[in-house]
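Take a look at the structure set out below.
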Amino acid sequence: MTILRKQYGATNRFYWTTRHFVWLVPLIDLVILVGLAAVLGIVARLGRRWGQEWTFRAVGGLALLPPLLAGFPGIYASAGLLLTTGIAWRLTPVLSRRPAAVRRLVRVGLPLLAAAVLALGASLASLDWLEARREWTSPLPSPGSPNVLLIVLDTVGADHLNLYGYQRPTGRTLAELARRSIWFREARAASSWTLLSHASMFTGRWPHELSAGWMSPLDGAHRTVAEYLRSRGYATAGFVGNLQYCGWDSGLARGFTTYRDHPFLRLADLRASVLVDRITTGALAIQYYAEKFTVFDGIGAAVRPFWQKFLYDQKRAEVVHHEFLEWLDHDRDPNRPFFGFLNLFDAHSPYELRPAGIHRFGARPRNQHEEDLLAQWLGEFLGAPSDRLVPPFRDRYDDCVADLDEQLGWLIDQLDRRGVLEQTWIIITSDHGESFGEHPGVFFHGRSLYRTELHVPLLIVPPVPHFSPRVVNEPVSLRDLAATIVDLASLGATSPIPGTSLARIGNGPAPAPVLSEVIPNRLSNENPSEWLRKTRWPSAALTEGDWTYIRSGKAAREELYRIREDPGERQNLASEPTLQPVLLRLGAELDRLSNGALTPDHFPP
Ligand SMILES: [Zn+2]
């Protein structure tokens, strides 16, 4: 039912769960129902006369509930249960008059269902095997072709790294690597949130050319860099920590023969079962009221860690690193160069340091009140927190950034020990930064196009030991990473991927235009969430030479900043009479680049 809804429903185009849900969910539901039937069966034994029919009714009502809720997600669980219990109530006497027919139905139906579940599981496994086989048997690229490894430090803004002038030592590894890299001082993401930014990096297309949105995955209209490299004999493998917007159903996995996203049997994935999800929601509501009226205070505190793990379990960089190293050591074809992609999610909200991480910045110990306020802030989808809370949140974020940098250092060390660095180009960047109220009311990421969210680290680390380091001061766009990756793999000449190789900047071509966009959710009118409605109007930013020009919102408000003199974008120069020619030129350039797709008229209210 969930699969049908995804195919034909207008909203919720993501599953947000492991691709194994097709066989896991029926299994989980079966375990719940059998458990319940067992309990009711015992009760039935005690009250013989009425027991059996009551058991049928209760279990029947629950068994009918998951397909109903999956088919009609808008329905309240309690109303749904009432309806299905009603149906079971009427059906039970009819069925109990025909015990032989019921037995036959169970005898035929159960094996059929079990076979369907097995077939679904087996089809997933065989699809994986076929993909792998296609890779093993494809012709090898020319000898000496290097590996390319793309590492995305999700949510790590350049302005929070000491390499880019931040006062806290948050990025020692990056600073060290920059000494032997092509180091880009003004790299900008093509969007300020995960999926659009990655989708642009993978296809070489601007966000407005892509299908990806808050509620819609990247479709197959444009070739990805992984697809192209695989077609030219590369082994391709992705390992991601961001399970929301980098999972298998985001469209980013296309072209990767190996793609590790949801860890197998993660506790949080049990919510793929609509039954588990609705039971959880009910339990959460009960806990909320219990805590609100300060009944069970101690119990609330005791179960909170369990809920955290169940609801928001995060896939840490250390897990991603181990998956990657394991693939490197055991699963890949050593004769074939690889294109690897890692997405490390540890710096993303809720800015939770891994247990082994070190608190470096801000006051300690962290108190429960602060934790609760942070959870509330995140739960309410990130309106402005009170001024008092911003510094502790920033401390937590910086802690996570520094810890992620340390883990990156560990990974580089591991690659060095394996001799991989000698044949590998490593690109280290981020998909976007994070705002902490530097502009009034602007927090988190994905809704603005200010520098806090677009200015990202970018290093191209060459294979050791050769190479002379270089610094690129001109603004560049991560949209050109796809062309860069293809160029580093020496496949640029015949590549269908658009863009300019960033590895050649300073040695030939001038930097290409730098456009960043937040595209309104294409399904926003059908989605009731206030947060999504706020992002309905398109915004675009163009950085060129010394200038950043931003056009945003329904009224197409214009902003103009001088990058070098005013990196914090505090003084909007758009109404400066002497700068009108600059404003006009950048506005026209923006329209040309985006083909007029970013004017508010393009999106009806
Ligand atoms: Zn992200």
Side-chain angles (χ1 to χ4, degrees), residues 14 16 150-161 170-171 174 187-203 207 210 212-218 224 238-253 259-262 312-317 319-320 341-352 378 381-382 393 396-398 400-401 403-405 407-408 427-436 442-458 477-479 481-482 516-519 521 531-532 535 539 541:
F14 291 106
W16 313 115
L150 170 65
I151 303 178
V152 177
L153 311 171
D154 204 304
T155 323
V156 173
D159 297 351
H160 279 259
L161 292 167
T170 47
L174 287 173
R188 290 168 69 90
S191 189
S192 56
W193 68 283
T194 306
L195 180 52
L196 261 189
S197 186
H198 280 81
S200 174
M201 280 186 236
F202 281 14
T203 57
L210 300 168
W214 293 106
M215 302 298 276
S216 48
L218 175 69
T224 66
F239 307 85
V240 300
N242 187 335
L243 301 177
Q244 202 175 11
Y245 280 117
C246 292
W248 62 278
D249 58 343
S250 66
L252 297 178
Y259 203 76
R260 304 265 159 80
D261 49 4
H262 295 263
Y312 313 112
D313 189 22
Q314 206 173 324
K315 187 177 167 190
R316 301 281 181 185
V319 177
V320 177
F341 160 57
L342 309 184
N343 166 286
L344 307 175
F345 196 58
D346 291 30
H348 196 282
S349 55
Y351 322 128
E352 222 164 76
L378 296 167
F381 255 127
L382 317 154
F393 290 171
R396 294 171 64 115
Y397 171 71
D398 287 347
C400 291
V401 171
D403 187 58
L404 188 54
D405 176 87
Q407 295 186 72
L408 178 69
I427 301 172
I428 304 169
T429 189
S430 170
D431 55 344
H432 51 80
E434 190 83 322
S435 286
F436 287 93
V442 180
F443 287 88
F444 193 54
H445 58 263
R447 270 179 291 172
S448 93
L449 290 173
Y450 290 119
R451 185 186 168 86
T452 47
E453 292 174 40
L454 293 180
H455 185 209
V456 288
L458 177 60
S477 170
L478 296 192
R479 171 251 183 182
L481 274 191
S516 305
E517 303 166 310
V518 173
I519 305 295
N521 181 30
W531 179 58
L532 290 171
T535 60
S539 310

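What you see is a predicted model; the values in this text were computed from it and never measured. We count ligands from 1, going down the list as the structure has it; atoms in each ligand are counted the same way. Just so you know, these numbers use all the heavy atoms, side chains as well, and skip hydrogens, waters and symmetry mates.
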(request) State, to the nearest 10 degrees, the angle whose vertex is the Zn ion (ligand 1) and whose arms point to OG1 of Thr194 and NE2 of His432. (result)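 About 110°, to the nearest ten degrees.
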(request) Tell me which N, O or S atom of Asp431 sits nearest to the Zn ion (ligand 1). (result)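 Answer by atom name: OD2.
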(request) Determine which of the N, O or S atoms in Asp154 is closest to the Zn ion (ligand 1) and give its atom name. (result)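 The closest N, O or S atom of Asp154 to the Zn ion (ligand 1) is OD1.
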(request) For this output row, return yes or no: ring centroids of Tyr397 and His160 closer than 6.0 angstrom. (result)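 Yes, the ring of Tyr397 comes within the 6.0 Å limit of the ring of His160, centre to centre.
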(message) For Phe202 together with Phe341, are the ring centres under 6.0 Å from each other?
(response)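 When the ring centroids of Phe341 and Phe202 are compared, they turn out to be within the sub-6.0 Å range.
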(request) Quick one: do Asp154 and His348 satisfy side chain to side chain donor-acceptor pair (under 3.5 Å)? Show the steps, please. (result) CA-CA 7 Å; Asp154 204 304; His348 196 282; 4.8 Å; no
(message) Do Leu481 and Leu458 have side chains that approach each other closer than 4.5 Å (heavy atoms only, starting at C-beta)?
(response)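 Sidechains of Leu458 and Leu481: in contact.
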